[in-house]
*Asks:* 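The structure is given below, and queries will be raised subsequently.
In what follows, chains are A, B, ... by sequence order, proteins preceding strands, each numbered from 1.
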There are 2 protein chains.
Amino acid sequence: MKLANTKQLILSTALDLFSQYGYNGASIRQIARTVGIRESAIYNHYKSKEEIFLAILAEFKSKTISEKILNDDLLDDLSNPEKFLRNFAERLITFWNTPQERKFIRLLLMEQFTRIGNKELSTTDYLSELRKMCRLIFSEMIKTKIVKQYDPEILAEQFIAPLFLMRTEYLVSGENKNMGTVIKIVNMHVDFFWSAIKG
Amino acid sequence: MKLANTKQLILSTALDLFSQYGYNGASIRQIARTVGIRESAIYNHYKSKEEIFLAILAEFKSKTISEKILNDDLLDDLSNPEKFLRNFAERLITFWNTPQERKFIRLLLMEQFTRIGNKELSTTDYLSELRKMCRLIFSEMIKTKIVKQYDPEILAEQFIAPLFLMRTEYLVSGENKNMGTVIKIVNMHVDFFWSAIKG
DNA sequence: GTATATTATGAACGAGTGTTCATTAAGGGT
DNA sequence: ACCCTTAATGAACACTCGTTCATAATATAC
């Protein structure tokens, strides 16, 4: 009867509602109603509410951030580090502004402390790959002397933290209403950062 | 019968449970049981669960951060800006590590997007006073030429963001188990920051 | 076209939710 | 001592929660 994949539809609907109302605030019945089926039909696809939640996490855990924001034409710009950092930051913010990613970050912030989320959800885990990427980039820049000899870990932190804080703060407002101004602030951040570290 | 102020006890218990399980995850009965009374007795002090939640927010909104971490002997150090920034950051982190403040930040992160919290809770609001304070400090430092001519707003952001991200990440682990290492990282952050901005 | 596996339904379950209410106990003021 | 306000109780309310189950409709395979 259903043309779309019901199982996947349940998953994306659950992410949608969990990220709006929280895990406890969104009910199985609400998810089912939004999908367009009865609550009992859900259990043909997932054996519990918790399994739906864990399936969402598994889906996002399998995705890697590198391939999303790092590609060859960006890496070519490494010779022009200021431009590179600008592009890198803009891509990162744009990626974080993806509907899916917005929802997941909201879920992360909401549920990382609760019984259901504190085992599988942590900001540290979420940022670990990005941190590693940044450490590598800054290590390389230090090695080629285009950046002062700072600790790459500190540089990564200093680069990421303002961007992530910005992301979490703008997360509250409905849609990407002012992506233009956000990118402007991002650029100011990168400009300061670059002028502070350039060798 | 009760020696302690029941109304205040309900409030602090509610903050405790809300910050652990979320607003929806903690029930009136659970709060009452923890306080040591029946759930119906709660309604002699607050007329609804939502009113308890709003009372918590009101209590924290009335507190000002300046008086907690800024005092005269700290401001005297403004002549030695590096030492000042170190002390300032350490006090800030220590303040954020207060049990009360830990709980409130958790509540903030958890509920800022939900129906109940999104009107009254926002990270931007929570940080606004601190941001203002930092802008003033850095403006002063720029005026007296001990800091390069950067935008004070950017400086405030760059100074606060890594500290706040650190705070939210360490928030998940139970107690102040490794406050020593945290302060060490804070100092590294401040050292980098200072070397980046000093005039 | 019939058998089979998949997916939907509607009703029901036990438990928990926030809240109300009549009643009882306790504390303070005169 | 008394009254009166405050605070606690236990039972009940209507409702929602996650989940189960027998049953019916729908696709898929042969």
*Asks:* Please work out which residues in residues 43-53 of chain A have a non-hydrogen atom less than 4.0 Å from an atom of DNA chain C and list them by number.
*Replies:* Asn44(A), His45(A)
*Asks:* Could you list the residues that satisfy side-chain contact (heavy atoms from CB on, under 4.5 Å) with Ser195(B), not counting sequence neighbours?
*Replies:* Tyr150(A)
*Asks:* Does the pair Ile28(B) and Tyr43(B) meet the rule for a side chain to side chain contact (heavy atoms under 4.5 Å, CB included), with working shown?
*Replies:* CA-CA 10 Å; Ile28(B) 289 280; Tyr43(B) 291 88; 4.0 Å; yes
*Asks:* Is the backbone N or O of Tyr23(A) less than 3.5 Å from a side-chain atom of Glu111(A), with the two atoms forming a donor-acceptor pair by type?
*Replies:* yes
*Asks:* Distances under 3.5 Å only, N/O to N/O: pair up the protein atoms with those of nucleotides 12-14 of chain D.
*Replies:*
from: dA12(D); atom 1: N6; to: Arg29(B); atom 2: NH2; distance (Å): 3.4

*Asks:* Examine distances only and state if a side-chain atom of Tyr46(B) and a backbone atom of Lys7(B) form a donor-acceptor pair shorter than 3.5 Å.
*Replies:* yes
*Asks:* What pair of heavy atoms forms the shortest contact from Leu121(B) to Phe53(B), and how long is it?
*Replies:* CD1-CZ, 4.0 Å
*Asks:* Taking only Lys NZ, Arg NE, NH1 and NH2, and the carboxylate oxygens of Asp or Glu, determine whether Glu169(A) and Arg131(B) approach each other closer than 4.0 Å.
*Replies:* yes
*Asks:* On DNA chain D, check which nucleotide each of Arg38(B) and Ser40(A) is closest to and give me the residue with the more 5' one.
*Replies:* Arg38(B)
*Asks:* In whole Å, I'd like the distance from the CZ atom of Phe18(A) to the P atom of dC17(D).
*Replies:* 12 Å
*Asks:* Round to a whole Å and report the spacing from CD1 of Ile37(B) to C1' of dA25(C).
*Replies:* 15 Å
*Asks:* Would you write out the dot-bracket form of DNA chain C, 5' to 3', with Watson-Crick and G-U pairs under 3.5 Å, [ ] for crossing pairs, | for pairs to other strands and . for unpaired bases?
*Replies:* ||||||||||||||||||||||||||.|.|
*Asks:* With Val35(B), which of Ile10(B), Ile42(B), Leu11(B) fulfils side-chain contact (heavy atoms from CB on, under 4.5 Å)?
*Replies:* Ile10(B)
*Asks:* The criterion is salt bridge (charged side-chain N to carboxylate O under 4.0 Å, His left out); which residues satisfy it with Arg86(A), sequence neighbours excluded?
*Replies:* Asp191(A)
*Asks:* For Ser27(A), answer base if it contacts any base atom (sugar-phosphate contacts may also be present), sugar-phosphate if it contacts only those atoms, and nothing otherwise; contact means non-hydrogen atoms under 4.0 Å.
*Replies:* sugar-phosphate
*Asks:* Answer yes when Glu120(A) and Lys61(A) have at least one side-chain N-carboxylate O distance shorter than 4.0 Å, and no when they do not.
*Replies:* yes
*Asks:* When all nucleic acid strands are considered with a 4.0 Å heavy-atom cut-off, which category describes Ala26(B): base, sugar-phosphate, or nothing?
*Replies:* sugar-phosphate
*Asks:* Identify, with sequence neighbours excluded, every residue that meets salt bridge (charged side-chain N to carboxylate O under 4.0 Å, His left out) alongside Arg115(B).
*Replies:* Glu50(B)
*Asks:* For the pair Arg33(B) and Glu39(B), find out whether any cationic side-chain nitrogen is under 4.0 Å from an anionic carboxylate oxygen.
*Replies:* no
